[in-house]
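Worksheet: one structure, shown below.
Numbering of ligands and ligand atoms starts at 1, following listing order. All values reported here derive from a predicted model rather than from experimental measurement. As a basis for the values below, the full set of heavy atoms in this structure was taken, side chains included, without hydrogen atoms, waters or symmetry mates.
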Amino acid sequence: KTVSLIGAPTDVGASVRGAGMGPDALRVAGLYEMLRGHGLNVIDHGNLAGPPTPWTPPTAGVRHLEEVVAWNRAVFDRVAAVLAAGQVPLLMGGDHCLAIGSVSAVARHCRYAKKKLRVIWLDAHSDVNNPHISPSGNVHGMPVSCLLGDGPKPLVGWSGEPAAITPADIDFIGIRSVDAHEKQAIAQLGLQVFDMRHIDEHGMRNTMLEALHDVDEDTHLHVSFDLDCLDPTDAPGVGTGVRGGPTYREMQLCMEMIADTGRMGSLDVVEINPALDVRNRTAELAVEFVASLFGASTLAR
Ligand code: ARG
Ligand code: MN
Ligand code: MN
Ligand code: MN
């Protein structure tokens, strides 16, 4: 198996500056070496190029639309090329708006490869805003809507279909911050949101059994891992931290159960903000969890 690392050094969709340093933080934390150590073939494609973040206020409910499109176009093209080469793309963000490009490329690939796409969205936030309802205009709060076919026109339809995914294709884990209009959207769309209360009441094991129940041998599993899913005491280097996240142990189990399916075909690691971090702790934590996603385990298996 070959894993291709793709750096997208931008904070274009974020509210706070600094997520653009995420790719190098992951490299410094030893992402490449860790994957090699697990017997994987790894290619670091270096960083994609794109426009600087202008830090202008929203226009028609969206911030930096032109620049968000440019970055996502670069991500889409590279993820598509990596998938076409039969490799596993690992997108190193960058903020979470980049999932528009990566998941759109994955969705297009799945249609050609006749695979069933399932997305696991690990996040404190549901990211299902759109320009009409977003309180901030930041596109990192809108990627799920764009992928469902409801977003700014230039960010919709990239997979070749009006929507890259349907509501049934995505499961959310760890959610604990949902804006007022997002709550309505979640209910109307019937999205499967396993919020922190669900994890508290049912445990991570049952939650993941539910989330992964329809993964079979024809499934391509895409994991979109926003580091703010974790508790900020463990992962301080994020721009929009929310307390009350899954514990380290719960998150490890989540990753291990995803790995056990053997179906993860692509991964986003986003929202690491080294400017807010403590001695690169958040990137190092991300590397540990990515190791588990690729099958690291305490005992021989
Ligand atoms: N819901 C808030 C917003 O739309 C925060 C989104 C945070 N998203 C993220 N990927 N960290 O502005
Ligand atoms: Mn988030
Ligand atoms: Mn499901
Ligand atoms: Mn997110």
What is the OD2(Asp123)-the Mn ion (ligand 4)-OD2(Asp226) angle, to the nearest 10 degrees?
90°

Can you list the ligand 1 atoms lying under 4.0 Å from a non-hydrogen atom of Asp226?
9 (C), 10 (N), 11 (N)

Is it the case that the side chain of Arg176 and the backbone of Cys229 share a donor-acceptor pair, with hydrogens and angles ignored and the cut-off at 3.5 Å?
yes

The atom of His96 among N, O or S that is nearest the Mn ion (ligand 4) is ND1

If the cut-off is 4.0 Å to any non-hydrogen atom of Glu271, which atoms of ligand 1 fall inside it?
9 (C), 10 (N), 11 (N)

Suppose we screen for side-chain contact (heavy atoms from CB on, under 4.5 Å). Which residues come up paired with Ala296, at least two apart in sequence or across chains?
His38, Ala291

Please report which non-hydrogen protein atom sits nearest to atom 8 (N) of ligand 1, along with the residue it belongs to and the distance in Å to one decimal place.
Asp127 OD1, 3.0 Å

Do ligand 1 and Asp179 have nitrogen or oxygen atoms that lie under 3.5 Å from each other?
yes

Which atoms of ligand 1 have any heavy atom of Thr240 under 4.0 Å away?
7 (C), 11 (N)

Would you mind running through ligand 1 and noting each atom that sits below 4.0 Å from a heavy atom of Gly141?
4 (O), 6 (C)

With a 4.0 Å cut-off on N to O distance, would you call Asp24 and Arg27 a salt bridge?
yes

Report yes or no: does Asp277 contribute a side-chain atom to a donor-acceptor pair with the main-chain N or O of Thr282 at less than 3.5 Å?
yes

Looking at Asp231 and Arg243, is any side-chain nitrogen of the basic one under 4.0 Å from a carboxylate oxygen of the acidic one?
no

Given 3.5 Å as the limit, does a donor-acceptor pair link the side chain of His220 with the main chain of Val106, or not?
no

Nearest N/O/S atom of Asp171 with respect to the Mn ion (ligand 3), by atom name, please.
OD1

Look at the side chain of Asn273 and the backbone N and O of Arg17, then say whether any donor-acceptor pair between them is shorter than 3.5 Å.
yes

Students should be able to answer this: which protein heavy-atom is nearest to atom 5 (C) of ligand 1, and at what distance?
His125 CD2, 4.0 Å

Donor-acceptor under 3.5 Å (Glu288 side chain, Leu285 main chain)
no

I need the atoms of ligand 1 closer than 4.0 Å to a non-hydrogen atom of Asp228, numbered in the order shown.
11 (N)

Closer than 4.0 angstrom, basic N to acidic O: yes or no for Asp171 and Arg118?
no

With sequence neighbours left out, what residues match Glu33 under salt bridge (charged side-chain N to carboxylate O under 4.0 Å, His left out)?
none

Among protein heavy atoms, which lies nearest atom 4 (O) of ligand 1, and at what distance?
Asn129 ND2, 2.9 Å

Asp127 atom (N/O/S) at minimal separation from the Mn ion (ligand 4):
OD2

Among all protein non-hydrogen atoms, which one is nearest to atom 3 (C) of ligand 1, and what is the separation to 0.1 Å?
Ser136 OG, 3.5 Å

Based purely on interatomic distance, does His140 place a nitrogen or oxygen under 3.5 Å from a nitrogen or oxygen of ligand 1?
yes

